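Below is one structure, written out as structure tokens; comments come after it.
Remember, predicted model here, so these are calculated numbers, not experimental data. Each residue takes its place number in the sequence, starting with 1.
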Amino acid sequence: TPQLPNSRITALFEDDDGAIWIGHETGDLTRLRHGQFESFAIAGPVEREPILAITTDAEKNLLLVYQNGAARHRQTGAHVATAIPPEQQRGVSTAVRDRSGAVWVLRAGALERIGAQKAQLAEFDRFAADQLVLGICAARDGGVWIASGRSIRKRLNDQWTAEITPPFPATAISALV
């Protein structure tokens with residue numbers, strides 16, 4: 001059985017077929033399927049930035065989110081430029097695909113939505129500068145749940161559709177899975 005190219009794992013993603021995709025600090029990509037590790041080439045120029053998040057787009061193409069802010073399709077190598085300001089491009093990322101096929105990327109408290117190969121910074125009413133986005137997860141109906149320092153709210157079609165104020169101190173919110 002081939003082994004991992006290195007043990008510096010920075011991202012994991014399970015696809016619809018049950019394969020586990022593994023992103024590495026070195027920019028390498030590995031797939032674990034049926035107990036076998038397989039290294040994968042990524043189309044286009046070599047990126048030696050850590051892969052911080054992996055998800056799929058609306059067409060189920062693998063999308064890799066790098067530490068430098070770029071998102072890239074594994075199969076084509078096509079880049080999707082980030083809408084997140086440069087000072088927020090480094091940091092922990094989370095990427096999720098909602099049921100509508102949009103990809104949401106969280107990086108250093110800023111949130112962007114990728115749809116039709118274009119990234120747009122998510123702008124929210126009522127979100128003060130001190131309310132960083134702490135965690136996100138896809139909602140079953142096509143929206144996205146967003147945790148801030150004060151509440152957990154659901155965004156669908158550019159509208160807030162639900163809000164939950166936790167019964168515990170809101171500062172305890174750190175992530176959604």
Side-chain angles (χ1 to χ4, degrees), residues 1-99 101-115 117 119 121-122 132-140 144-149 152 172-177:
T1 301
Q3 299 298 313
L4 289 171
N6 65 65
S7 62
R8 297 176 351 215
I9 296 170
T10 52
L12 293 173
F13 174 73
E14 183 177 10
D15 67 19
D16 292 343
D17 297 326
I20 303 292
W21 291 89
I22 304 164
H24 298 270
E25 184 180 49
T26 57
D28 294 314
L29 182 67
T30 307
R31 181 177 68 186
L32 173 61
R33 187 170 66 171
H34 307 298
Q36 302 271 333
F37 289 104
E38 181 180 2
S39 292
F40 270 80
I42 302 166
V46 175
E47 291 265 358
R48 285 294 166 212
E49 285 280 331
I51 297 171
L52 296 183
I54 306 169
T55 191
T56 53
D57 65 11
E59 290 80 36
K60 309 280 175 98
N61 297 310
L62 209 61
L63 187 67
L64 312 171
V65 181
Y66 291 90
Q67 184 175 26
N68 64 7
R72 185 173 179 187
H73 285 92
R74 184 199 69 84
Q75 294 90 333
T76 65
H79 278 262
V80 179
T82 183
I84 293 175
E87 66 274 7
Q88 292 179 313
Q89 288 181 7
R90 291 198 171 286
V92 176
S93 282
T94 301
V96 297
R97 176 178 45 93
D98 68 24
R99 291 201 188 266
V103 173
W104 296 83
V105 178
L106 172 62
R107 183 188 308 277
L111 185 63
E112 69 182 342
R113 183 177 186 270
I114 300 173
Q117 304 301 317
L121 196 58
L132 295 177
V133 176
L134 301 173
I136 60 173
C137 73
R140 70 176 186 274
V144 64
W145 286 98
I146 301 167
S148 71
I152 300 170
I173 298 172
S174 63
L176 295 175
V177 179

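- With rounding to the nearest 0.5 Å, the separation of CG in L29 from CD in E38 is 10.0 Å.
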- prompt: Under the side-chain contact (heavy atoms from CB on, under 4.5 Å) criterion, do I146 and L111 qualify, and how do the steps go?
  reply: CA-CA 9 Å; I146 301 167; L111 185 63; 3.7 Å; yes

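- D28 contributes atom CG, which lies 7.5 Å from atom CD1 of I42 (distance to the nearest 0.5 angstrom).
- A salt bridge between D16 and K60 is present, with a side-chain N of the basic residue lying under 4.0 Å from a carboxylate O of the acidic one.
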- request: Give the C-alpha distance, both sets of side-chain angles, the deciding distance and a yes or no for side-chain contact (heavy atoms from CB on, under 4.5 Å) between L62 and F40.
  value: CA-CA 12 Å; L62 209 61; F40 270 80; over 6 Å; no

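- The heavy-atom pair separating W104 from I136 by the smallest distance is O-CD1, 3.8 Å.
- Counting only distance, with no hydrogens or angles, the side chain of D17 and the backbone of A19 share no donor-acceptor pair below 3.5 Å.
- For the pair I51 and G27, the tightest heavy-atom approach, listed with the atom from each and the gap, is CD1-O, 3.6 Å.
- Here the closest heavy-atom approach between residue I22 and residue L32 is recorded as CD1-CB, 4.5 Å.
- Residues R31 and W21 come closest through the heavy atom pair CD-CZ2, 3.5 Å.
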task: Please assess V105 against T94 for the test side-chain contact (heavy atoms from CB on, under 4.5 Å), listing each intermediate value before the final yes or no.
output: CA-CA 6 Å; V105 178; T94 301; over 6 Å; no

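- T55 pairs with exactly one of V103, D15, I114 by the side-chain contact (heavy atoms from CB on, under 4.5 Å) rule, that one being V103.
- The distance from the CH2 atom of W145 to the CD1 atom of I152 is 8.0 Å, given to the nearest 0.5 Å.
- The minimum heavy-atom distance linking R113 with A102 is given by the pair NH2-CB, 3.3 Å.
- A pairwise comparison of heavy atoms in A95 and V65 identifies CB-CG2, 4.1 Å as the closest pair.
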field: Trace of the side-chain hydrogen bond (donor to acceptor under 3.5 Å, both in side chains) decision for T10 with H24
entry: CA-CA 5 Å; T10 52; H24 298 270; over 6 Å; no

message: Using the rule given for side-chain hydrogen bond (donor to acceptor under 3.5 Å, both in side chains), can you reason through R97 versus T56, listing the C-alpha separation, both sets of side-chain angles and the distance that settles it, and then say yes or no?
response: CA-CA 7 Å; R97 176 178 45 93; T56 53; 2.9 Å; yes

